[in-house]
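Throughout, protein chains are lettered first and strands after them, A, B, ... in sequence-line order, and every chain is numbered starting at 1.
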Number of protein chains: 2
Amino acid sequence: MTGPTNKSEPHRRTRRDHATETAEDYVEAVAEIITEREVCRLVDLAKYFAVSHVTANRIVARLQKEGLLQTEPYQPIELTPKGKRLADRCRQRHEIVYRFLLSLGIDQKTAAIDAEGIEHHVSPKTLRKLEQLVDQSG
Amino acid sequence: MTGPTNKSEPHRRTRRDHATETAEDYVEAVAEIITEREVCRLVDLAKYFAVSHVTANRIVARLQKEGLLQTEPYQPIELTPKGKRLADRCRQRHEIVYRFLLSLGIDQKTAAIDAEGIEHHVSPKTLRKLEQLVDQSG
DNA sequence: ACAGAAGTTTAGCCTGTGCTACAATTTTGC
DNA sequence: GCAAAATTGTAGCACAGGCTAAACTTCTGT
Ligand SMILES: [Mn+2]
Ligand SMILES: [Mn+2]
Ligand SMILES: [Mn+2]
Ligand SMILES: [Mn+2]
């Protein structure tokens, strides 16, 4: 017995992936912006994701409550240790997926777009395989 | 100039993919269930996706309003021509992604789970590449 | 210094998708 | 034929994440 049914398990996993996707993309973005411009402000995130600053603000508040981000009113946004660890993991996974697509001969822009969505649905097992194939083709 | 910024385009595309994902999975499921058991009932969809029948019901109503599904009260759920075309396209794309993962040496269960999420983020360009690689390895 | 620009917060709206509880209808078994 | 089971529908809740408008705070340039 594998659970409810065979058919439903992939969909339950996909829903779970989507539930954590925003957190993953935001900590990754905060880390990247801090690396590039020292500090990460709300406006940077709003531009980065092409959403209103209000939407970005609410998501930052949620992720702070979840212990991934840290910020004070009107201050820059920082990563907690937990957020930093998640950001590092996500950046690595993202890069592996991106470089794998490049290794297939996909152009950079298409690879960047596809990788942004695909990354959240790649299991650890599949990720190891992609990494191995990227290394071989490198 | 490619639009707002380079960074935001992948995220706008991913959000758009997610906006159409439910429709794609539902028409695909309806087609599959009809093939396997002649008719597709609400309970079949609820089990298939592991959601309550209420959730399935509301989604079916939305997709009917969007012209993808057709149903009468207490009757089985059918695909409109438009829904059938979308289902066929999604089934093909899904299979290509699944078979591609298998061709990398991923086990069937993992490939099935990962493919369910990945399929919606594979651009036509990438899909053609995957199809070509699957055909070569076949 | 201080006015205007920039950035941030808050209030309030919408849609989509998840749920439980309960009502109504249809099918099934005896 | 009729009670029970299965199926479908409805009411009403929650939460995430999208938006605009408006208020508030901070920064900047003269
Ligand atoms: Mn992403
Ligand atoms: Mn996705
Ligand atoms: Mn699918
Ligand atoms: Mn899917």
Under 3.5 Å, is there a donor on one side chain and an acceptor on the other for [X] and [Y]?
{"X": "A/His120", "Y": "B/His121", "answer": "no"}
{"X": "A/Tyr48", "Y": "A/Glu32", "answer": "yes"}
{"X": "B/Asp17", "Y": "B/Thr14", "answer": "no"}

For the pair made of [atom1] in [X] and [atom2] in [N], what is the distance, rounded to whole Å?
{"X": "B/Phe49", "N": "C/dG18", "atom1": "CZ", "atom2": "P", "value": "9 Å"}
{"X": "A/Arg12", "N": "C/dT17", "atom1": "CZ", "atom2": "P", "value": "19 Å"}
{"X": "A/Glu24", "N": "D/dG17", "atom1": "CD", "atom2": "C1'", "value": "16 Å"}

Any [X] side-chain N or O less than 4.0 Å from OP1/OP2 of [N]:
{"X": "B/Thr22", "N": "C/dG16", "value": "no"}
{"X": "A/Thr55", "N": "D/dC19", "value": "yes"}
{"X": "B/Ser52", "N": "C/dC19", "value": "yes"}

Inset, instruction - Have a look at B/Arg15 and say if it touches a base, only the backbone sugar-phosphate, or nothing, with a 4.0 Å heavy-atom cut-off. - result: sugar-phosphate
Inset, instruction - Examine distances only and state if a side-chain atom of A/Arg93 and a backbone atom of A/Glu119 form a donor-acceptor pair shorter than 3.5 Å. - result: yes
Give me, pair by pair, the N or O atoms of the protein and of nucleotides 6-10 of chain C that are less than 3.5 Å apart, along with how far apart they are.
unit_1	atom_1	unit_2	atom_2	d
C/dT8	OP1	A/Arg41	NE	2.7
C/dT8	OP1	A/Arg41	NH2	3.0
C/dT8	OP2	A/Leu42	N	3.3
C/dT8	OP2	A/Val43	N	3.0
C/dT9	OP1	A/Tyr74	N	3.2
C/dT9	OP2	A/Asn57	OD1	2.8
C/dT9	O4	A/His53	NE2	2.6

Inset, instruction - Compare the minimum distances between each of C/dG18, D/dG18, C/dG16 and the side chain of B/Arg62, then state the nucleotide with the smallest one. - result: C/dG16
Inset, instruction - Answer yes when B/Lys125 and A/Asp107 have at least one side-chain N-carboxylate O distance shorter than 4.0 Å, and no when they do not. - result: yes
